[in-house]
Amino acid sequence: MNINIDANSGFCFGVVYAIQMAEDELEENGQLYCLGDIVHNNMEVDRLKSKGLEIINHEQLKELKDAKVLIRAHGEPPSTYLIAAQNNIELIDASCPVVLKLQNRVRSGFDATEESGGQLVIFGKEGHAEVNGLVGQTGGKAIVVKTEADLDKIDFTKPIQLFSQTTKSTKGFMNLKKQIEDRIIAAGGDAKLSFEANDTLCRQVSNREPQLKVFAQNHDVIVFVSGQKSSNGRVLFETCKAENEKSYFISEPSELNPTWFENAQNIGICGATSTPMWLMESIQENIKNFENLIGSSK
Ligand code: SF4
């Protein structure tokens with residue numbers, strides 16, 4: 001049995017940077033607060049907790065004073081920076097540069113829509129940390145659209161600027177863009193004049209889609225490793241599943257099922273931008289152990 005780990009899977013540079021900042025601080029001081037899970041991967045969060053990382057939420061931040069708090073790669077709305085200044089909190093800002101650039105674009109896009117009487121629309125998941133950071137740039141006025149049903153929140157007779165959460169799928173973004181164009185035309189408008197679609201998907205995710213397709217096609221069984229809360233994990237798993245029916249989503253080694261590997265010659269392990277390499281390696285070892293068990297029972 002060949003058990004291969006996809007060389008393109010694992011942490012993106014934004015996550016590498018945030019974890020490195022946390023580890024540097026933990027090494028020096030043995031304790032650090034982090035606002036929200038540092039990555040959407042429980043096993044990696046547990047590893048860092050054992051080194052002294054303490055996860056807090058936004059309510060707890062309001063009560064905290066004179067402390068150091070890490071801002072994770074997803075970024076934060078302006079209100080978080082305000083609370084930190086009021087409470088004498090030192091922020092270790094590990095917001096991903098790609099997200100910071102998107103926040104700036106959303107802020108200036110929002111200013112433009114305010115002038116034109118238009119609307120700023122974000123393709124993303126309401127309540128997702130990155131989306132909260134983006135909505136915060138618009139004083140809470142951005143319209144968040146996740147599915148077609150949410151399109152009813154938009155007035156198609158007014159100008160529209162569309163942005164995307166960085167980790168959504170290219171296909172989903174293109175579909176939404178087309179639906180908005182169709183609705184503008186149906187409302188008697190001209191999409192070329194009143195609609196601007198900004199593709200702000202992160203290439204760390206979208207570039208992985210075509211590579212993963214090939215990886216999924218070239219293996220008999222795919223084990224996709226990701227935290228349940230990872231948005232890009234869901235997107236990339238769907239990419240695998242569309243190419244290979246025998247694709248399985250797991251978050252930790254105990255979820256592996258030996259029956260998946262019966263008669264399989266080539267097994268592929270891959271994951272999200274928040275999946276640590278050590279976890280994929282541990283899963284590889286677990287599958288090798290199944291192979292030994294099967295071999296010894298023959
Ligand atoms: S997926 Fe992209 S935007 Fe998100 S943290 Fe990674 S590099 Fe940054």
Side-chain angles (χ1 to χ4, degrees), residues 6-24 34-45 47-48 53 55 69-77 80 91-107 109 122-137 142 144 146 162-173 198-213 215 224-240 251 270-280:
D6 174 28
N8 299 304
S9 286
F11 291 161
C12 59
F13 66 78
V15 171
V16 168
Y17 177 67
I19 288 177
Q20 191 59 53
M21 282 181 103
E23 291 206 300
D24 288 350
C34 177
L35 189 53
D37 283 347
I38 186 163
V39 278
H40 286 153
N41 189 288
N42 291 345
M43 297 200 73
E44 180 65 5
V45 172
R47 187 184 74 82
L48 291 165
L53 192 73
I55 308 295
V69 176
L70 182 111
I71 293 198
R72 57 191 171 169
H74 292 102
E76 283 293 321
T80 297
L91 291 177
I92 299 176
D93 197 343
S95 301
C96 174
V98 177
V99 174
L100 287 177
K101 192 172 167 204
L102 172 55
Q103 288 186 347
N104 283 335
R105 288 185 67 184
V106 166
R107 206 176 309 131
I122 295 168
F123 172 41
K125 188 176 169 203
E126 192 119 40
H128 184 281
E130 183 192 311
V131 174
N132 289 344
L134 299 177
V135 172
Q137 310 304 318
V144 180
K146 186 182 169 203
L162 173 68
F163 292 88
S164 175
Q165 179 184 335
T166 55
T167 47
K168 300 301 280 181
S169 73
T170 308
K171 195 173 157 200
F173 179 76
N198 300 283
D199 173 355
T200 49
L201 300 163
C202 174
R203 296 308 182 244
Q204 286 277 313
V205 180
S206 55
N207 286 349
R208 288 186 186 191
E209 289 179 55
Q211 291 162 343
L212 259 192
K213 272 187 189 175
F215 187 77
F224 190 92
V225 189
S226 168
Q228 290 286 348
K229 286 189 267 178
S230 168
S231 174
N232 78 84
R234 284 282 150 203
V235 168
L236 295 175
F237 173 67
E238 288 310 322
T239 302
C240 292
S251 298
C270 47
T273 59
S274 49
T275 306
M277 186 51 76
W278 64 261
L279 182 55
M280 289 188 282

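Counting convention: from 1, in listed order, for ligands and their atoms alike. Values in this document were obtained by computation on a predicted structure and should not be read as measured data.
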- [ ] Taking all heavy atoms of H40 and all of S274, pick out the closest pair and write down the distance.
- [x] O-OG, 3.9 Å
- [ ] To the nearest 0.5 Å, tell me how far E76 CD sits from S95 OG.
- [x] 7.5 Å
Open item on the list: Just so I know, are the side chains of C96 and F13 near enough to count as touching, which here means a heavy-atom distance under 4.5 Å?
Closed with: yes
TODO: Step by step, work out the side chain to side chain contact (heavy atoms under 4.5 Å, CB included) result for S169 and E238.
DONE: CA-CA 10 Å; S169 73; E238 288 310 322; over 6 Å; no
- [ ] Could I get the full list of salt bridge (Lys or Arg N to Asp or Glu O under 4.0 Å) partners for R47, not counting sequence neighbours?
- [x] E23, E44
Task: Contacts of atom 6 (Fe) of ligand 1 with protein N/O/S atoms, counting only those under 2.8 Å - done: C12 SG
Task: Sole candidate of L201, T200, L102 that passes side chain to side chain contact (heavy atoms under 4.5 Å, CB included) when paired with T166 - done: L102
